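None of the values given here were measured: they were computed from a predicted structure. When a ligand or atom number is given, it counts from 1 through the structure's own listing order.
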Amino acid sequence: MAKRSVRDLEISGKRVFMRVDYNVPMEDKDGVMVVNDVTRIRETLPTLQLLTSKGARVILAAHLGRPDGKREPSMSLRPVAEKLSEMLGKPVAFVDECVGDKAEAAANALGNGDILLLENVRFHAEEENNDPVFAARLARLADVYANDAFGAAHRAHASTCGVARIVRAWGGPCAAGLLMERELKFLGDELQSPARPFVVILGGAKVSDKIKVIDRLLEKADTLLVGGAMAYTFKLAHGGKTGRSLVEKDHTGTALAAEAKAAQRHVGFHLPTDTVVAELRDTGRLNKKGKPLLEPVNPRVVSGDIPDDTEGFDIGPATAATYAAVIAGAKTILWNGPMGMFEDKRFAEGTLAVAKAVVAATQEHGAKSIIGGGDSVKAINKAGLGDKVTFASTGGGASLEFLEGIALPGVEALDEA
Ligand code: AMP
């Protein structure tokens, strides 16, 4: 169901309380916290430009990190306010509280078109508990509620849904920001009746993390391409050898059930035919869990079984070529999860080949390509191809849950269109 949009609101002179996802990577530079990656801030600029041009008084709420309900100076949003101001080319006020007299005074001091960023809502434990009293204190800052934080919409917290409930009870509108609107369009509406062939590419570490998405997408997809460590559980389920690779022994049944469903629904189902493997060398050091730290050495490509003394880290070149050929024929593509341990460039080739194939299908054949969040977005950005796909989701857990068909509390809290 479509949600009400900030586009359609009369907001001149109104206090628009907007939840944004400013959970940005920060770095300590000579004792000063600085924003390391502005992507999440940049994504909110269109909504902010719209709201301020309509004369709204914008009050932004966000979380940063996991301060566990305590004031933690390194997780203050003050540097984000400075960065936002720089990016918008206009002042952005900041108040070191998100509720109470000081926050209310700062909100009430705004003129039409002004912006205020509140301090980290997670400095209060009541935020994550969705405490109704805390939500009511936040709601004192709002005439209108808006949400542009798709990445936090799977959380039922005070700023993502509690405050909306109160604003609605007072008769105020609760609307989606432009980014939220795009996320719902591409991860939701566009996949309802996709142009065919609809090719789904799924990778990542675990079958158990993705099984609900697989199950749901098997209802819609024409072809499913499987990569990442998740593919080894399928291999094991077929009696193949997986060496020292990451597998989920308890989920071989889950894997076989997914394949059976694909066959029953005539969905093309591809597993890797070759693998980039490496031996594991003991570094003599311990990892964070106190276990010996092993490093992959001597990478090579194998077909079929994975030798006992090696671990699989990427799809091989034959698989990458097959997958690229399938992708070239697609009219709609959804991709979630890398094909291998792409963080190490020796094992990034498979993911890169898939990224290039997705971009070529988009640019040359007019396919609609949707990158479903998390590590696949990181991988495509790392390859410098992020702006060459139709849509790259800003959500991680939220994208996955949305694709699974779970109702997200932060979306449910918004008015229907
Ligand atoms: P996910 O969050 O489930 O999408 O998983 C992403 C993570 O899976 C990334 O950090 C990858 O490095 C990791 N990954 C993908 N394939 C492999 C593999 N073959 N072996 C180890 N890790 C992998």
Whether over 12 other heavy atoms sit under 6.0 Å from K382 NZ: yes
For the backbone of S369 and the side chain of T390, can you confirm whether one donor and one acceptor N or O come within less than 3.5 Å of each other? yes
Lys/Arg N to Asp/Glu carboxylate O, D215 vs K212, below 4.0 Å: no
When rounded to the nearest 0.5 angstrom, what is the spacing between CD in E72 and CG in N120? 9.5 Å
I need the N23 CG to M75 CE distance, nearest 0.5 Å. 9.5 Å
Measuring from I11:CD1 to D143:CG, what's the distance to the nearest 0.5 Å? 11.0 Å
Can you list every protein residue that has a heavy atom under 4.0 Å from any atom of ligand 1, sorted by chain and residue number? G204, A205, K210, G228, A229, Y232, G312, F313, G337, P338, G340, M341, E343, D375
